[in-house]
Amino acid sequence: MDEIVVESPGQGDNIPPTEQMLGLEPTESARSMFRRGLEVFLENRLAVVAFGVLVFYVLMCFFGPLLYHGNTSHVQMDEITLPPGPSHPLGTDQNGVDELGKLMKAGQISLEIGIASGVLASVIGMLYGAIAGYVGGWVDSIMMRTIDALLSIPLIFALIYLASTLGRTKTVFIMVIALTSWFSLTRLTRGDTLTIKVRDYVAACRMMGGRSPRIIFRHILPNTIGTTIVNTSLSIANSVFALSVLSYIGLGLQAPNDDWGGMFANGSSYLDQNYWWMIYPPGVSIVLIIISCNFIGDALRDAFETRLQKR
Amino acid sequence: MTTYLIRRFFQSIVTLFIVSIATFGMMHLMPNGVVRGMLGQRATPQTIAELTHRLGLDQPLYVQYWRWLDRLVVHFDLGTSYQKSQTVNALLKEDMGQSMYIVGLALFFTIVISVPVGVLQATRRNSVTDYTITTFSFIGYAIPVFFLGVVLRDLFQVQFHLIPIAKQIDSFHAAFSQPDQMILPVATLVISGVAGYSRYMRSSMLDEITQDYVRTAIAKGATKRRVLYRHVLRNAMIPMITLVGLSLPTLVGGALLVEQIFNIQGIGVLTINAALSSDFVIVLGTTMLTAIVTILGSLVADISYAALDPRVRLT
Amino acid sequence: MALLEVENLHTQIKLKKSTVQAVDGISFTVEAGETIGIVGESGSGKTMTAMSIMRLLPNGGSSPEGSIFLDGRDLLQLDDEQMAKVRGNDVGMIFQDPMTSLNPTMTIGKQIAESVRIHRGAGKQEGLDRAVEVLSLVGMPSPQQRARDYPHQLSGGMRQRAMIAMALANEPKLLIADEPTTALDVTVQKQILELIDGLRERLGMAVILVTHDLGVIAGRADRVNVMYAGRIVENTTTEMLYANPRHPYTEALFDSLPERGADSGTRLYSIPGMPPDLTKPPAACRFAARCRYAQDDCRAQDPPYRVDEVGHEFACFHPVGAALRSGEEVEVTLSEVTSTEELPTPELGEVLLEVTDLVKDYPITKGFLRRQIGSVSAVAGVSFSIRKGETVGLVGESGCGKTTVAKLIVGLEDTTAGAMSLEGADLAALKSGERRKKSRDVQLMFQDSYAAMDPRMRVRTVVREPLDIQKVGDKESREARIKELFEQVGLPASALERYPHEFSGGQRQRVGFARALAPAPKLIVADEPVSALDVSIQSQVLNLMKDLQAEHGLSYLFISHDLSVVRYVSDRIGVMYLGKLVEIGPAEAVYSKPIHHYTRGLLDTIPVADPEVEKAKASSGIVGELPSAINPPSGCRFRTRCPAAQDICAQTEPPLVPYGTDGHLAACHFPIWE
């Protein structure tokens, strides 16, 4: 062991101390936060699997149709309600349409709308919450009472009403789902903003003469972005779910632009005939996407939290 | 406590007020407004103009809002469905009983099951039991209610015929007298409810178990059981009350889907059918009603919270 | 046979990837009726020792090995049920933070009664009766009513009394007090320590007092065990330990105490480096790496315990101090600078900051409409000045307004009234843009540097931020300045790339100091800058602050509740009480010849690391608790707790008037002045 001679600092012209003498582990030397976060994420095997599932679905739905050409467009009366077999891996529906091809097409709709409205909801929620939290006072009170009111309307009722009055197009669905699902993120971001606002490092910045824009963009937003990213993933899961609910009760995009929810609804009306291949593939797809997003969200949360701690 | 109650009560009123504005706003989102909504497809420009005037819809918005609010608050009149030529109130009265019965049963069983499950998980933290339950609750949490309902129906009614398929349940009496028909709808709601609640209960228990006062209780000589039931459980249950208040909208929404799956003529099916036939007055009425129930529910939850937690009660 | 005999105790704490040897083979005994002190810095294993006796280890704590004999029975052999019968019955325990250590949803009466009901099988009423009885035993006013209160309704001191009542409800033979007063104010600390002492005598129990505070232990313990890195390094009677420490660690600790430095006027000794990593403890003397006397054998072998002729135990090959009644010559080879160097004395210039009649009120609102129903008088007409190169210390209990004064001066709060003139410009009257520019001249050093740094910024950015905000120089010059600052505060430039959480407490305080220095301010307001640090680390930061003051001609406003620290660093000391400055004057004069009764009481209250001084203290210090600042007492605000208070004190507020010619001022109708 090396002899460590460290004099009490500031005692004249010493050799400056090295990191090792200060007990800072050299191996850990200043890794970037991103890498550390990534490591934590990758350590969570469930999240890695979930991420794989998500990638698989995206590839299957958007690039699958380039390789697999099932009949998804016309009625084929001689091939109706076939169980899975060599020519139709997932069987056919009551019109003789290939279920696998349909699953891919419907998946595009589900994922497109889910991701778009999930991201949109996150952005709205983050901005609204950050503004309410930072401004504070009566503005905050009014903004948050509004959220309370909107939260007390059951999501499905609001969705049903808006979807049935505004018409059923992709854009409307993206907007409607986003507009009805940003409330919870708003509360989280506002909570974060409120706690960060009174942190000493914000006080330090003000003390040094820092103005509001610096405080917001350099300190508050970077410290809340973790919450937003985590919630975007949960928000996507929610949007996929919301869309499938609308489709399930018959208020989704009209056939042939079915999403997974619509496919499932169509299949479940044949439940008594035991056409299980028309029900379970879209149902399981929805569940897998939702579970994956949840796992990824959890792992992201861990990654954002633990990278700030000594490991 | 009094100050808290008064403040909380006024908050609820403000919330209700905002809900009413939101609902009123949604009413005007209807294609061509309320009148078209009332007259539906049969509307001609002439009848529209006539009815518009008769209903006072040519008046300024705030006057309209005031009248609407007056009808709503004083007479609790949610309007009339022109397609069914019945008042929304009457329709709600018919369908409310069975819906509330299902929601009530589901809420009761959800709480009764998830509290012990959460406690079990927290006390056996990181054991096989804990992991197994966590896995199930993760799936239960992610599985959409309608998928779960269909799976249960498939298993119990189609594949194994354990529960007979009955005709539509369209009254509270029908629901109450056929308990076997209630099993699957309530089970559907309970399974997805327990998934969320037990996870919350587990983390609430774990939060409390790591508190310093638990160490004090052990240092006093209390046994594990005593610490768990006299100290931790009670304190861990308090936040559950808030959760119940907050999750009411989800539960009510779930009930809507369950009614659709299991062929129960309740508020949910009423709403869905109204939406499909563009009978917007009904949709608006049920939305407003569920919002009011939810607000009252969370008010009750907050008051119970205050009654149970001295830190709130005594400030 | 001793009451408690701990032999070769080992306790491990499992972490995610490693195992900490928190307690590594310690042995000690406690005789019936005596007070044993266990003293050590954070991470020394002192709390884990206490927890091991009670078997209250945190998650990951494996069951302790060795033996713990209580009255001849080995506690480690008991099963959980038997152990539960020991806890709270034979051994009582009190914890550091009485707020979190009490169940918030249960009345304190019930919580105390629970202890009685468990062990004595008492009924509900019987338990409550006993609770009231012990509450009055611990000096709780109107115990009948207080028993029905919830913890959050009581003050900190009252809560700790309730905790003590709970621990003593069954009259245990041994009381373990783990940092019982660390979370409390000094005046309350004294009351609680005295209470424990008195109860020990009355009930004839033994006490294990676990603390980091050498002052607390000096006046209370019969014997002391000094712990370092999971081991007991020295064990002897309190008198002998303080008079003649034999282990170099103990000696170094004493040398780090600011009161020693203030007495001799020399710089403080500071222990270099950091304690060893207990996941892989060195197989040699654990202190060797930081020891100024370490030889080759220290780094090669583990020193065994030795007992000298007077029963003084220590684990060291080359003990310091004199071996009493022994012919053995102590040979000490100094490889280090000793602490005999004179302190640099800065030259005092003209007045830099002149604070006049500073007032700060916080409004209180109530009810649904949040009407304003009153105000908290946080700072009520405080005036003082700071000269160039001078350090003014500000002391007082928490809630006295000293931190508010700091916030007002650095501009984190707006003044209600009064002026703060910095070289002629009144900071309180400046427009916000001008004020921002002026903030370059006045910087704040926070108590908790970790909280004061954005966790997502590298310390390079953290230290550069004031320069960026004030637009000082160009990019290169800022970078150069940061490097220079890091060198000045004794940190390697390579550490600039790290994040705040990678540093230890003392290092972070250096980073915080570097940031405060960055814009080359004239005045640094330091709010409790060393309160969160261990003694040995504390002295490093204090020395650094003194050195850089001399180098740059800085002025400090040094705020602390710790009078000995303030005395060490300050040229002048101001004493605050409930928003008022009650006394101000040269540090030595205030310390040795206080005029105000509050200052006198504070000096008597603060524990000094010297058993002789502690034993000689006659007065019981300041009685009672700090009144509310919402309706402060009329006239002199201290009159409710003052031993000399008379009618006039309630009617007229005493002005701050000079005594003598050295600028010693006090506000008292009946000063201690002959």
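This structure is a prediction, so every number in the text was calculated from the model and none was measured. Lettering of chains follows the sequences in order, A, B, ..., and the numbering in each one begins at 1.
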>> Counting only non-hydrogen atoms closer than 4.5 Å, can you tell me which residues of residues 209-218 of chain A sit against chain C?
In response: Gly209(A), Gly210(A), Arg211(A), Arg214(A), Arg218(A)

>> Non-hydrogen contacts under 4.5 angstrom with chain C: give the residues of residues 131-144 of chain A involved, or none if there are none.
In response: none

> How about His219(A) and Met457(C): do any of their side-chain heavy atoms sit closer than 4.5 Å?
Replying inline: yes

> Side-chain contact, heavy-atom cut-off 4.5 Å: Tyr201(A) with Arg456(C)?
Replying inline: no

Using residues 512-519 of chain C as the side-chain source, report each donor-acceptor pair under 3.5 Å to any protein atom, sequence neighbours left out, with the distance given to one decimal.
unit_1	atom_1	unit_2	atom_2	d
Arg515(C)	NH1	Ala452(C)	O	3.1
Arg515(C)	NH2	Ala452(C)	O	2.7

> Side chain, backbone, both or neither: which part of Gln443(C) has a heavy atom under 4.5 Å from chain A?
Replying inline: both

>> Heavy-atom cut-off 4.5 Å, strictly under: side chain, backbone, both or neither for Val442(C) against chain A?
In response: backbone

> What residue, out of Asp454(C), Leu444(C), Ile469(C), has the most heavy-atom pairs lying under 4.5 Å from chain A?
Replying inline: Asp454(C)

> Which one of Leu412(C), Asp448(C), Val410(C) has the most heavy-atom pairs closer than 4.5 Å to chain A?
Replying inline: Leu412(C)

Calculate, to the nearest 0.5 Å, the distance between atoms [atom1] and [atom2] belonging to [X] and [Y] respectively.
X	Y	atom1	atom2	answer
Met445(C)	Met207(A)	CE	CE	11.0 Å
Asp200(A)	Asp527(C)	CG	CG	9.0 Å
Met208(A)	Ser439(C)	CE	OG	9.0 Å

> Which residues pass the salt bridge (charged side-chain N to carboxylate O under 4.0 Å, His left out) test with Arg145(A), sequence neighbours left out?
Replying inline: Asp148(A)

> Got more than 12 heavy atoms from elsewhere within 6.0 Å of CG, Asp414(C)?
Replying inline: no

> Can you tell me if Glu465(C) uses its side chain to pair, donor with acceptor, with the backbone of Cys205(A) under 3.5 Å?
Replying inline: no

